[in-house]
There are 2 protein chains.
Amino acid sequence: MAEQFNEINLQTLAFLAKCLADENRLRILLCVSRGKKSVSRIVEELKISQPLISHHLKELKRALLVNVERSGPFVYYELADERILSILEKLNELGDDLLKTRTSF
Amino acid sequence: MAEQFNEINLQTLAFLAKCLADENRLRILLCVSRGKKSVSRIVEELKISQPLISHHLKELKRALLVNVERSGPFVYYELADERILSILEKLNELGDDLLKTRTSF
DNA sequence: TGATCATATAAGCATACATTTATATACTAA
DNA sequence: TTAGTATATAAATGTATGCTTATATGATCA
């Protein structure tokens with residue numbers, strides 16, 4: 001289980017983790033995980049300014065975590081891979097358990 | 001699968017991800033995942049300066065990702081939870097696949 | 001107690017990053 | 001083409017963060 005860690009690409013890993021290390025980007029990821037959505041739709045749902053949403057979407061796209069599709073004046077974003085969700089689930093669960101076992105961060 | 005995401009703690013999640021978002025901290029995590037190790041041992045193996053190792057260990061400890069144990073003059077660190085490894089594995093695999101499918105970051 | 005080793009902390013610096021405000025680009029419809 | 005909507009980008013700013021150098025704390029042994 002631990003031996004196959006020779007294949008680990010630290011750079012890619014750190015890059016992806018960095019992309020997941022912002023609350024607003026996580027909100028956006030969870031938002032688009034519930035279906036393909038336009039930028040304005042995301043802005044509405046999350047109540048975050050449009051330039052900030054666009055900026056974070058650009059980062060998420062750079063990390064290949066979302067797919068983009070233009071349709072008329074709208075640009076739709078969707079989660080690139082369902083595994084992103086399950087990884088976030090697992091990380092969240094881990095965080096919960098760590099907090100339960102220990103006292104505090 | 002996507003519905004249980006009401007329970008998600010964005011703050012904790014972002015905090016943990018941030019801790020995983022640095023190459024040196026990842027190196028340290030992988031290093032101590034292969035057994036409990038003293039600071040000087042980690043310094044040797046990774047060839048990173050002692051203050052920098054200590055600094056990152058402090059962060060990892062703050063995130064509860066490592067457990068600490070003092071024994072005489074030595075301080076031993078170990079991975080706090082094996083799930084950390086499997087999450088890193090999954091994230092690494094995801095990164096690989098994303099890079100395969102698309103063209104580049 | 002003094003000396004030495006192991007580890008932690010502090011100060012300083014440079015860079016990265018999240019955010020806001022303002023503006024530009026792209027598309028559509030009249 | 002003009003007006004209006006949707007989205008992206010640029011500039012500016014404050015803050016966080018990784019790293020280095022220097023020093024402090026803590027433990028062991030003579």
Side-chain angles (χ1 to χ4, degrees), chain A residues 10-32 35-80 105, chain B residues 10-32 35-80 105:
Chain A
L10 290 173
Q11 204 176 338
T12 301
L13 204 46
F15 181 72
L16 283 177
K18 201 170 295 178
C19 217
L20 301 176
D22 179 85
E23 283 190 44
N24 282 332
R25 277 196 296 272
L26 289 174
R27 282 191 192 95
I28 294 172
L29 279 178
L30 295 180
C31 181
V32 300
K36 192 180 296 189
K37 284 172 189 168
S38 69
V39 176
S40 46
R41 178 81 185 281
I42 300 170
V43 168
E44 269 182 27
E45 288 192 22
L46 300 184
K47 287 156 188 164
I48 296 174
S49 77
Q50 178 268 316
L52 188 51
I53 293 282
S54 278
H55 172 251
H56 284 310
L57 282 171
K58 190 179 183 181
E59 285 301 298
L60 291 169
K61 180 185 166 196
R62 203 162 78 92
L64 306 177
L65 293 174
V66 295
N67 292 331
V68 196
E69 182 188 325
R70 179 146 218 149
S71 171
F74 299 96
V75 180
Y76 293 93
Y77 288 84
E78 66 180 342
L79 201 64
F105 269 125
Chain B
L10 290 172
Q11 205 176 338
T12 301
L13 205 46
F15 181 72
L16 282 178
K18 199 170 296 176
C19 217
L20 301 177
D22 179 84
E23 285 190 43
N24 280 333
R25 277 196 295 273
L26 290 174
R27 282 192 192 95
I28 293 172
L29 279 178
L30 295 181
C31 181
V32 300
K36 190 180 297 187
K37 283 172 189 167
S38 68
V39 176
S40 47
R41 178 82 185 281
I42 301 170
V43 168
E44 268 182 27
E45 287 192 22
L46 301 183
K47 286 157 187 164
I48 297 173
S49 77
Q50 178 269 315
L52 188 51
I53 292 282
S54 278
H55 172 251
H56 283 310
L57 282 171
K58 189 179 182 181
E59 284 301 298
L60 292 169
K61 180 186 165 193
R62 202 163 80 92
L64 306 177
L65 293 174
V66 295
N67 291 331
V68 196
E69 181 189 326
R70 178 146 219 152
S71 171
F74 299 97
V75 179
Y76 292 94
Y77 288 81
E78 66 180 343
L79 202 64
F105 269 124

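Chain letters run A, B, ... following the sequence lines, proteins first and then strands; every chain starts at 1. Side-chain atoms are counted along with the backbone in the values below, which use heavy atoms only and exclude waters and symmetry mates. Small disclaimer: the values here were computed from a predicted structure and weren't measured.
Taking the nucleotide of DNA chain D with the nearest heavy atom to each of S40(A) and L52(B), the more 5' of the two is matched to S40(A).
For CD of Q11(B), the number of neighbouring non-hydrogen atoms (other residues, nucleotides, ligands) closer than 6.0 Å is 12 at most.
Contacts with DNA chain C (heavy atom under 4.0 Å) in residues 19-26 of chain B: none are found. Near-neighbour residues of DNA chain C inside residues 68-78 of chain B, defined by a heavy atom below 4.0 Å, number-ordered: P73(B), F74(B), V75(B), Y77(B).
dA8(D) atom C1' lies 15 Å from atom CG of L60(A), rounded to whole Å. Between the NE2 atom of H56(A) and the P atom of dT9(D) there is a distance of 15 Å, given to the nearest Å. Look at NZ on K18(B): it is 10 Å from C1' on dT17(D), rounded to the nearest Å.
Looking only at distances, no side-chain donor or acceptor of S71(A) sits under 3.5 Å from a matching main-chain atom of F74(A). Under the 3.5 Å distance criterion, the side-chain polar atoms of R41(A) are left unmatched by any main-chain donor or acceptor of Y76(A). The closest donor-acceptor contact from the side chain of K61(B) to the backbone of V68(B) lies at 3.5 Å or more, if one exists at all.
Checking each of V43(A), I42(A), N24(A) against I48(A) for a side-chain contact (heavy atoms from CB on, under 4.5 Å) leaves exactly one that passes, namely N24(A).
The shortest non-hydrogen separation linking A63(B) to L16(B) is O-CD2, 3.8 Å. Across all their heavy atoms, C19(A) and E59(A) have their closest contact at SG-O, 3.7 Å. Across R25(A) and K18(A), no two heavy atoms sit closer than the pair NH2-O, 3.1 Å.
In 5' to 3' order, the nucleotides of DNA chain C bounding all contacts with chain A (an atom under 4.0 Å from a heavy atom) are dC17(C) to dT28(C).
Checked for salt-bridge contact, K36(B) and E69(B) meet the test: a charged N lies under 4.0 Å from a carboxylate O.
Side-chain contact, Q50(B) with S54(B): a donor N or O sits under 3.5 Å from an acceptor N or O.
Base contact: H55(A) has a heavy atom under 4.0 Å from a base atom.
Rounded to the nearest 0.5 angstrom, R27(B) CZ and K47(B) NZ are separated by 12.0 Å.
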